[in-house]
K.L.:
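Can you keep this structure in mind? I'll have questions shortly.
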Amino acid sequence: MTRFKHDDYYVSIGLEIHIALNTKEKLFSRTVNQFSNTHFDPFDYGLSGVLPILNRNFDAVKQAVLFGLATNANINLNSSFDRKHYFYPDLAIGYQITQQYNPILKGGRVSFLLDNQELKTVEIEHAHLECDAAKLVHTSDSSLVDLSRGSSPLLEVVSMPVIHSPIEAREYARTVFNLANFWGIVDGKIEEGSFRMDASISLNKDPNKLGTRVEIKNLSSFRYLEAALNYEIERQAELLDAGQAVLMQTRLYDEDKQATFAMRDKETENDYRYLPDPDIPTLSIVANDVEKLQKENRLFDYSNALHKWMMFGKLKVGEADMVIRAYHKQPSSEIFLHVPDMVEQRTSTIVKLFAHWLPDYLNNYDNRILILPDVQEWLALLNERDIDQSDFQHIMKALMNNVDYQKLTELIPQSSLSNDELVQINTWINEALSNQKPDMLAKLIGNGKIVNVVMGAVMKHIKTTNINVKPKELSDMIGVALQKYQS
Amino acid sequence: MKSLQEKHLQAKEQPYFYQDHIHEWYTQLQNHKTNSVWHLHENKDVVYALAKQLDDIPVEERKPLFGLTMGVKDLFHITSYKTTAGSRILHTMKSPITATVIQDLQNNHALPLAKVSMDEFAMGSFTNTAYLGKTTNINPDYTTGGSSGGSAISLKEQLFDFTIGSDTGGSVRQPAAFCNVVAYKPSYGGLSRYGMIPYASSLDQAGLFTHNIVDLQYVMNSMDIGVGAAMTHAYIKDDNDDTHIGLKKQIIQKSNLVGAYFPFFLQSHDIKDEIKYLYQKELDTLKDKGVILMPIDLPSTSMMFHTASIYYTISCAEAASNLAKYQGVYYGTPLSDFVMQMEREGRSIKSYQEAIALYRSRYLGNDVKARIVMGNELLSSENFHTVFEKAQLMRQHLKMEINHMLNNVDFLVLPTFPSLTPKWSEIELMSQEEVFMSDFLTVAFSLTGHPVVVMPSSHEMIHSDRSIKNTGFQYVGKAFYDRQLINDCVWIGATK
């Protein structure tokens, strides 16, 4: 729970996210799903006598099911469509086709990391398919309608009101976007309105109750979402502090004024008169087809993998997404998606090393088929050691070339030094090198005595500590440091 | 009168058949008496060109409907025709598409000649609510019935070889009974609704009028039913036969037909004596022909007693939804003109919603508006679960009842309307409720989707001073066994 900084109000936020699905055809009409003001057919302008026909390849349905599988939702094998009535020029047919009574997905969840590395899970109430309205473009003296967006398929994802701060809202929305993007169900252009958010927010002194709900509609970026919610919290807290009631209303966010304002339109108090659409039979999905979809796409819990890579690999969102994406592309590398789970009890170093080894793997070994027991063995071995990136590359190269485990242990540097100790020794080494006058250094390098000289200096320091280092290891370290120093 | 098949066979042999007759037909249309014909093709030259196109088809390639003309209810889109649905709100509408049903008939070389009259948006029982005026029976004191009154009477006037209407609650069946012609309402889903302006989507179905049952069978057999761009079109490919899909093929010639009837209607106060008399006569005729008749008793819990209220609940709700699209923005009488007119009259309009509320009030007729208001009331959150959903449940029960009744019989036979064809003077005295309730016999099968054929009664009233002394009776068959039903009716009709 987040407390608003000045007052004792608990904040509850729920998000409704509209994802424009990445399909070739529209949801119920026969034209292509492209936004260019030329792709519409009589269904889109509501010609009387034209009936809805579900798009041929069921792309929209497949994408909805994918989203459901990716968020652990219940797939409703028999969902239905309803008409939601209201009058507006961008809604030619006078109603929106949506799923009010019986949506295609129920439940589900998405997790993400907050800045403080705390894991937050947001439950999804349901998600449903619906048709988009056309797009209104306002000029100084008129409004124009772009019908090409009309009847495009949307997946509306409705969260439970379990989000408790604007930042959480932002991160939740971003995670849903990344997830949708990863599975290819959104076309990726937020600027074109492919991902629109409505937020509901209420404040209450009692953490177990919800206050009066205010809805902010049509937020088109994560930045505006966060800003609008911050503004609303201030606004509502002020009202409540002054003993006034918060009105249940629908508001919009003004990007220039950086404030929300109430919608004047009476349309917001509509009774939508939902009618099960008599032109559309029940959408029946075969369980086998769901399984097939799962296998074909090699479904896995994306948000779970994402936050684990971030947490254990100390990666940023973008980096973690890239890692997962790359691994997911290679059928043989699927195992790596589970790397974070395998090291859960251990340090994050190994996870990060895997992430950074990625380009090498993709460039050289992407046909190499890896099996789970092997990877588990390696992780077990590697986890015991402190190794750096170059050691790791070295080891992985050997593994890719089928070096057997016995030899592998030889490859792993048997250092018993801790990271701190290594750092300290390196400091002494560099100190020793810089203490040499340049011409003396050159002379020592020339006659091969530099290593011994440095070693002597470093050992003097080491003797004053408990550090236990093998001579070979120390001379190797000096060799490495010398190379770096010279370049 | 020649049968349609004979007409076709004669026309088939004539090299310039359509071109030779088109002028004569147009003259006839212009001189009709009942206000049943509304629009001809926008461009006469195009019609002449179409006639030539048809005549250019070599004799061997001329399909079974070649030589036949049809009148089409103004509810169906045909490219380059006006399609108004009888409403001022669509006064300017010129169709960009052709309805599948019409296309199927055109594909078999029938020629649509004109759009015929109807009630506004198919809502009405007497074809008197459209902005183009009311349609009368051949005796102008009597109604043709509705909403497909134009289709029924123009056929009677011999302006076309067959006509197309639509049936949502009885709109082809009741006019057939009033005009003494044959009508057919297919199983719901048997024909595509694409291109048909919707009134109540779960009830609407295209229907056919012919002079006699043999002609009906001929037209249905000659129509290649095409896949209809609609998800409620039951299109099943028959492996044995590439044509005729959905409306199941099986025809079994039986030695004895078994029909079921309702003794209740021979006694009910809701049915006038003339109808009771004619019903009894109908049953006697069937018995004489060798049909085995079984009585069906209606228990007090039967949904047959509630058909009108179930029907009006569902149809008004669906109508309110289907008519929401008429806002004058994309097609139809332009909203912008209306708004400018309002402003000239000094009325300032403050919002889009206000504009279309005034626009729709102005351009929709009263019967239509009443249904929309009622429909919205039924769909409101207070009433949806208690009234609308309940009506749908009752509808399911009714369907089960009718299916059960049809289990061991070939058809049900019952009256179409509770009285003989009304006069206008009698209609004026009817309350709105009486008008709605008078549909109770036909709406039942719209709700359940069973196929129905209406045939003129075997007898007429002898001592009656009315000009229209007979009625039509409904023959109801099993869902999707339309061809079987029609076949059985041919056999029954052969005695008349």
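Values below: all heavy atoms of this structure, side chains included; hydrogens, waters and symmetry mates excluded. By convention in this document, chain letters (A, B, ...) are assigned in the order of the sequence lines, proteins followed by strands, and residues within each chain are numbered from 1.
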K.L.:
Which distance, rounded to the nearest 0.5 Å, do you find between the CD1 of B:Ile372 and the CG of B:Asn322?
P.N.:
10.0 Å
K.L.:
Highest number of heavy-atom pairs under 4.5 Å with chain B: which of A:Pro278, A:Gly94, A:Pro42?
P.N.:
A:Pro278
K.L.:
Identify the residues of residues 378-391 of chain B whose heavy atoms come closer than 4.5 Å to a heavy atom of chain A, ordered by number, or report 'none'.
P.N.:
B:Leu379, B:Ser380, B:Ser381, B:Glu382, B:Phe384, B:His385, B:Phe388
K.L.:
Where is the tightest heavy-atom contact between B:Ala355 and B:Val339, given as atom of each residue plus distance?
P.N.:
CB-CG2, 4.1 Å
K.L.:
Evaluate the ring-ring contact (aromatic ring centres under 6.0 Å, His included) criterion for residues B:Tyr326 and B:Tyr363: first the C-alpha distance (whole Å), next the side-chain angles of each, then the deciding distance (0.1 Å), finally the verdict.
P.N.:
CA-CA 10 Å; B:Tyr326 302 113; B:Tyr363 293 115; over 10 Å; no
K.L.:
Contact part of B:Asn376 toward chain A, heavy-atom cut-off under 4.5 Å: side chain, backbone, both or neither?
P.N.:
both
K.L.:
Does A:Arg83 make a cation-pi contact with A:Tyr95 (under 6.0 Å, within 45 degrees of the axis)?
P.N.:
yes
K.L.:
Under 4.5 Å heavy-atom distance to chain B, tell me which part of A:Phe28 shows up: side chain, backbone, both or neither.
P.N.:
side chain
K.L.:
What part of B:Ile356 lies closer than 4.5 angstrom to a heavy atom of chain A: side chain, backbone, both or neither?
P.N.:
side chain
K.L.:
Taking everything shown except B:Met374 itself, do over 12 heavy atoms lie less than 6.0 Å from its CE?
P.N.:
no
K.L.:
So, for A:Thr282 and A:Ser79, which heavy atoms are closest and what is the spacing to 0.1 Å?
P.N.:
CG2-O, 3.4 Å
K.L.:
Could you check which of A:Leu54, A:Leu275, A:Leu91 has the highest count of heavy-atom pairs closer than 4.5 Å to chain B?
P.N.:
A:Leu275
K.L.:
Using a cut-off of under 4.5 Å on heavy-atom pairs, state which of A:Pro276, A:Gly46, A:Pro52 scores highest against chain B.
P.N.:
A:Gly46
K.L.:
Please round to the nearest 0.5 Å and tell me the distance separating atom NZ of A:Lys62 and atom CG of A:Asp289.
P.N.:
8.5 Å
K.L.:
Give the minimum heavy-atom separation between B:Thr168 and B:Ala200, together with the two atoms involved.
P.N.:
CG2-CB, 3.9 Å
K.L.:
Side chain, backbone, both or neither: which part of B:Glu318 has an atom under 4.5 Å from a heavy atom of chain A?
P.N.:
both
K.L.:
Is it true that A:Asp90 and A:Arg149 make a salt bridge, defined as a side-chain N closer than 4.0 Å to a carboxylate O?
P.N.:
no
K.L.:
Please classify the contact of B:Leu75 with chain A as side chain, backbone, both or neither, using a heavy-atom distance under 4.5 Å.
P.N.:
neither
K.L.:
Could you list the residues that satisfy salt bridge (charged side-chain N to carboxylate O under 4.0 Å, His left out) with B:Glu343, not counting sequence neighbours?
P.N.:
none
